[in-house]
Amino acid sequence: MTNQKKLLLIDGSSVAFRAFFALYNQIDRFRNNNGLHTNAIYGFHLMLDNLLERIQPTHVLVAFDAGKTTFRTEMFADYKAGRAKTPEEFREQFPYIREMLAARGIAYYDLAQYEADDIIGTLAKMAENASENYQVTIVSGDKDLIQLTDVNTVVEISKKGVAEFEAFTPDYLMEKMGITPTQFIDLKALMGDKSDNIPGVTKIGEKTGLKLLLEHGSLEGIYDHINEMKKSKMKENLINDKDQAFLSKTLATIDTQSPIEIGLDDTAFTGPDLEKLAAFYDEMGFVQFKNALGGEAVPQDFDVAYTEPSQVTEDHFSSDDFFYFEILGDNYHIEPIIGFAWGNDKQIYASTDTDLLKSEAFQAALSKAVNIYDFKRSKVLLSHLGIDLPTANFDARLAKYLLSTVEDNELSTIARLYTDLPLETNEVVYGKGAKRAVPEKEVLLSHLAKKVKVLQVAKPVMLEKLAEHSQSELLFDMELPLANVLAKMEIAGIKVKGQTLNEMAVENQVVIDKLTQEIYEMAGEEFNINSPKQLGVILFEKMELPLEYTKKTKTGYSTAVDVLERLAPIAPIVAKILEYRQITKLQSTYVLGLQDYILEDGKIHTRYVQDLTQTGRLSSVDPNLQNIPVRLEQGRLIRKAFVPSTEDAVLLSSDYSQIELRVLAHISGDEHLIAAFKEGADIHTSTAMRVFGIEKPEDVTPNDRRNAKAVNFGIVYGISDFGLSNNLGISRKKAKEYINTYFERYPGIKAYMENVVREAKDKGYVETLFHRRRELPDINSRNFNVRNFAERTAINSPIQGSAADILKIAMINLDKALVEGGYKTKMLLQVHDEIVLEVPNDELVAMKALVKETMEAAVELAVPLIADENDGRTWYEAK
DNA sequence: TGGTTCACG
DNA sequence: ACGTACGTGAACCAC
């Protein structure tokens, strides 16, 4: 349609607020020369870019709230009362956002006594009723505007960052919540809104509100039928709060007839005034935006001179060289080196000829401590060529991980964060998915040379930041030495007997086939049992199992294990399905899945990802050897396939006992928890005694201990009554009691939690015992859920992270002891609080002592560290 | 590609 | 009143 007009209406106040908090963690980076904060301006700009590009509007208007008093406050003095004060860093940016809009040719408007909502509502209504054909998009961070969605009006609510939105149309709203846009107002009238201080009806939340609306259609409908309702607390609340409910409805209703003095024509998008905009960018210090203006400007790339040598001598190397080795995919155990580059700030070399690496000169250069990006990957790659890479003195990838876990640790990211060099991403240079391929040589070598250049420039910047964070030791004494240990473990691999797995596969398949037939029969039809969607339909529609047992997911009914377990007693098919789930999981992920990873040497070589987790733990991929079944016997049998690589050796497993609770005892300094560990008490029994007031350990029943154990877990995770009640299947009230008593009896723990959250709010991050840092940008979020999550994270991360640090130290020390002692024993696996070693029989006695001693002495805490050991001919037996 | 489920600490 | 336990990876389905 040629005459189609597109109107974009933006809730400026709410979007600016979103932008401010989306970039809050980087607030110090966003300041112009005058010290003005610019994060909200910048974020607003990004969001506009995204919207203009995507929607291509012909008309745009940004509406702002006018001031503190509105017609709503006249009706209800407390409207929006109790809101936190707008931070000054935010307020100061407001005039500049308007300046930016003016320079970009975007209309903006506010109206005394009215909110941005009302302006938007009025214009949207005008557009719906206009004789011309308008397609309207409303953008806000505030869900209230959903009530404005209509035939030609989409309401997009920003979800995350500046580019993710949830688009509401009347159909989508119906599908998602089962209500119309008008009913959305009624829902808010019932629920109220804490952030606007709209009261609503006591004790009615979204669930109850939706139920009432489904039944009665509207707020008015509910009160028309109130007398027919059964006596209940809810009915009483509805009656008592009737006036409040209708007041809330009025407050929540957006005024689509507000007396605005502008019309649709005034919102026409004229495009930017380039001169004004350039001056504005200069004032704000927005270099990238400024460059993008000129057309020629944004350097998408930079040039770097390099040489491609046909052979190398020692003259090609210097002690300050950086080395970079490239592969196309992720799995460096099976991928070949496609090219490499090295050099310093004077000279860079690049090549695709791996024979160069085998030269004496190259090997000599690599035998010294190198500057590198991804030492572990490089060491493994070179090992395939028979080349040793013993040590590094700097690894830019690990350094980036320690500095911040918010973004990935790719070189393009490092370039963006720590240099002015715009390095293209690997995805741009090599393509992605099926299109990934080695580019022509000049392109490849030039890209590799640029990487070396970026590394050279970034290193001093990163070193300085590490020092600022007190993280230099963490890099040089922990992550770098660990990378070496992990490389050796990955190269060693663990032997897995395909034969054993094969036998299990055959046995399992018989059971699976039988279960499949039984389930089909009981269901009365064949369907895909693996599809939660199809299964949900069978259980809850065809077989009409009670819906109270399930919860809704986005795609249908939940068929998760906790749901099925509750259904099992009333429907025999469910027990079969549980059995089916368990065994097919084993079959596909482990029994069959693992076989694909057994290489020609009969071993599995996992990769430990050292730069991923938010807490400092490792992760394990291709395959994941950190989640091999152990809890259920049937799954545990998988471990029989994991064996030593020689006949005369065993597997030795050693794991820390209760390391996270010990770390918590240390960090919190809680005297009771410390005492319990010092006495060598069973910690869950000890907790049970204190929390449930039991005098003697022998009077603690298994159930008491189980409950106490759940409480202890909860404490480590940043407890909530809901989580605990869910886990233990007890009421929330009961769970709340447990928690309160726990905090009374362990005041040090309570104090720790309060302190760590306070500190996180203050600094924006938390730290482990060894200065590993986790940034928590959401810790001051206005969103209850988001903030609570960040608070639990603040509690958990130092505990989980310090425990991870401790095992890392133990691994480094143990590796050193193995090398120095000339042992043949090899470390093979790490599973968060456990290490698995392959030990020749004649070293077993010595090794048991050495491993235990090394793990227990890794660090000195206020409580003892204890490691328990087991050995056997298979991992199954080493339990 | 995102959602769901389930394996581990 | 809100709607949650912390940290991961892989298989499978459905779009």
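Order of the sequence lines sets the chain letters (A, B, ...), proteins ahead of strands, with each chain counted from 1.
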Pair [X], [Y]: side-chain N/O donor-acceptor within cut-off below 3.5 Å:
X: E166(A); Y: Y172(A); value: yes
X: S653(A); Y: E834(A); value: yes
X: T768(A); Y: D805(A); value: yes

Looking across every strand, which nucleic acid part, if any, lies under 4.0 Å from [X] by heavy atom: base, sugar-phosphate, or nothing?
X: F789(A); value: sugar-phosphate
X: I628(A); value: sugar-phosphate
X: V609(A); value: nothing
X: V716(A); value: nothing
X: A794(A); value: nothing
X: Q614(A); value: sugar-phosphate

- Within a radius of less than 6.0 Å around NZ of K211(A), do more than 12 heavy atoms belonging to other residues, nucleotides or ligands occur?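 Atom NZ in K211(A) is not crowded, with 12 or fewer foreign heavy atoms closer than 6.0 Å.
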- Only stems of 3 or more consecutive Watson-Crick or G-U pairs count here, both distances under 3.5 Å; name the ones for DNA chain C, or none.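 DNA chain C stems, ordered by first number: B:1-9 with C:6-14.
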Using the side-chain heavy atoms of [X], tell me which of these nucleotides is nearest: [options].
X: T793(A); options: dA1(C), dA5(C), dC6(C); answer: dC6(C)
X: T555(A); options: dT5(B), dT4(B), dG7(C); answer: dT4(B)
X: N788(A); options: dG3(C), dC6(C), dG9(B); answer: dG3(C)
X: T559(A); options: dA5(C), dC2(C), dT5(B); answer: dT5(B)
X: S619(A); options: dG9(C), dC8(B), dG3(B); answer: dG9(C)
X: T553(A); options: dT5(B), dA5(C), dA1(C); answer: dT5(B)
X: N727(A); options: dG9(B), dT5(B), dA5(C); answer: dA5(C)

- Query: Can you check whether S657(A)'s main-chain N or O pairs, donor with acceptor, with R662(A)'s side chain at less than 3.5 Å?
  - Reply: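 Side chain of R662(A) to backbone of S657(A), a donor-acceptor pair under 3.5 Å: yes, one is there.
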- Task: Mark yes or no for whether Q534(A), through its side chain, and I529(A), through its backbone, hold a donor-acceptor pair below 3.5 Å.
- Result: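 Here the side-chain-to-backbone pair does not exist.
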- Item | Per-nucleotide protein contact string for nucleotides 10-15 of chain C (B base, S sugar-phosphate only, - none; heavy atom under 4.0 Å) | SSSSSS
Report the distance from atom [atom1] of [X] to atom [atom2] of [N], rounded to the nearest whole Å.
X: F713(A); N: dC8(B); atom1: CZ; atom2: C1'; value: 12 Å
X: D611(A); N: dG7(C); atom1: CG; atom2: C1'; value: 16 Å
X: L632(A); N: dC8(B); atom1: CG; atom2: P; value: 6 Å
X: I583(A); N: dT5(B); atom1: CD1; atom2: C1'; value: 17 Å
X: L776(A); N: dC6(C); atom1: CG; atom2: C1'; value: 13 Å
X: Q626(A); N: dT8(C); atom1: CD; atom2: P; value: 11 Å
X: K552(A); N: dT4(B); atom1: NZ; atom2: C1'; value: 16 Å
X: K176(A); N: dG3(B); atom1: NZ; atom2: C1'; value: 14 Å

- G714(A) or G205(A): which one's nearest nucleotide on DNA chain C is closer to the 5' end?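 Final value for this comparison: G205(A).
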Presence of [X] side-chain N/O under 4.0 Å of [N] phosphate oxygens OP1/OP2:
X: R631(A); N: dC8(B); value: yes
X: R581(A); N: dA7(B); value: no
X: S558(A); N: dT4(B); value: no
X: R787(A); N: dT4(C); value: no

- Task: Only pairs at least two apart or in different chains count here, so list each salt bridge (charged side-chain N to carboxylate O under 4.0 Å, His left out) that has a residue in residues 577-599 of chain A.
- Result: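 Not a single pair qualifies under salt bridge (charged side-chain N to carboxylate O under 4.0 Å, His left out).
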- Could you give the distance separating dC6(B) and dA5(C) at their P atoms, to the nearest angstrom?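 After rounding to an integer number of Å, I get 15 Å for this pair.
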- Query: Using atom P of each nucleotide, how far apart are dG3(B) and dT4(C) to the nearest Å?
  - Reply: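 So the two P atoms sit 14 Å from each other.
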- Query: Where do E775(A) and S404(A) land on the side chain to side chain donor-acceptor pair (under 3.5 Å) test, with the steps shown first?
  - Reply: CA-CA 7 Å; E775(A) 290 163 326; S404(A) 171; 2.8 Å; yes
Donor-acceptor pair under 3.5 Å: do we get one between [X]'s side chain and the base of [N]?
X: R732(A); N: dG3(C); value: yes
X: R792(A); N: dG7(C); value: no
X: Q800(A); N: dC6(C); value: yes

- With a centroid cutoff of 5.5 Å and a plane-angle limit of 30°, would you call Y717(A) stacked on dC6(C)?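 Stacked: centres under 5.5 Å apart, planes under 30°.
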In a table with atom names and distances, give each donor-acceptor pair under 3.5 Å that connects a side chain of residues 199-210 of chain A to protein atoms at least two apart or in another chain.
from    : atom 1 : to      : atom 2 : distance (Å)
T202(A) : OG1    : D241(A) : OD2    : 2.5

- With Y746(A), which residues qualify under ring pair (Phe, Tyr, Trp, His ring centres under 6.0 Å), at least two apart?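 Expected list: Y742(A).
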Can you give each donor-acceptor pair under 3.5 Å made by side-chain atoms of residues 709-725 of chain A, sequence neighbours left out, with the distance rounded to 0.1 Å?
from    : atom 1 : to      : atom 2 : distance (Å)
N712(A) : OD1    : T687(A) : OG1    : 3.4
N712(A) : ND2    : H684(A) : ND1    : 3.0
N712(A) : ND2    : T687(A) : OG1    : 3.0
S720(A) : OG     : G723(A) : N      : 3.0
S725(A) : OG     : D721(A) : O      : 3.3
S725(A) : OG     : F722(A) : O      : 2.8

- Task: Apply side chain to side chain donor-acceptor pair (under 3.5 Å) to the pair Q626(A) and Y608(A), showing each step before the final yes or no.
- Result: CA-CA 10 Å; Q626(A) 291 181 319; Y608(A) 289 104; 5.6 Å; no
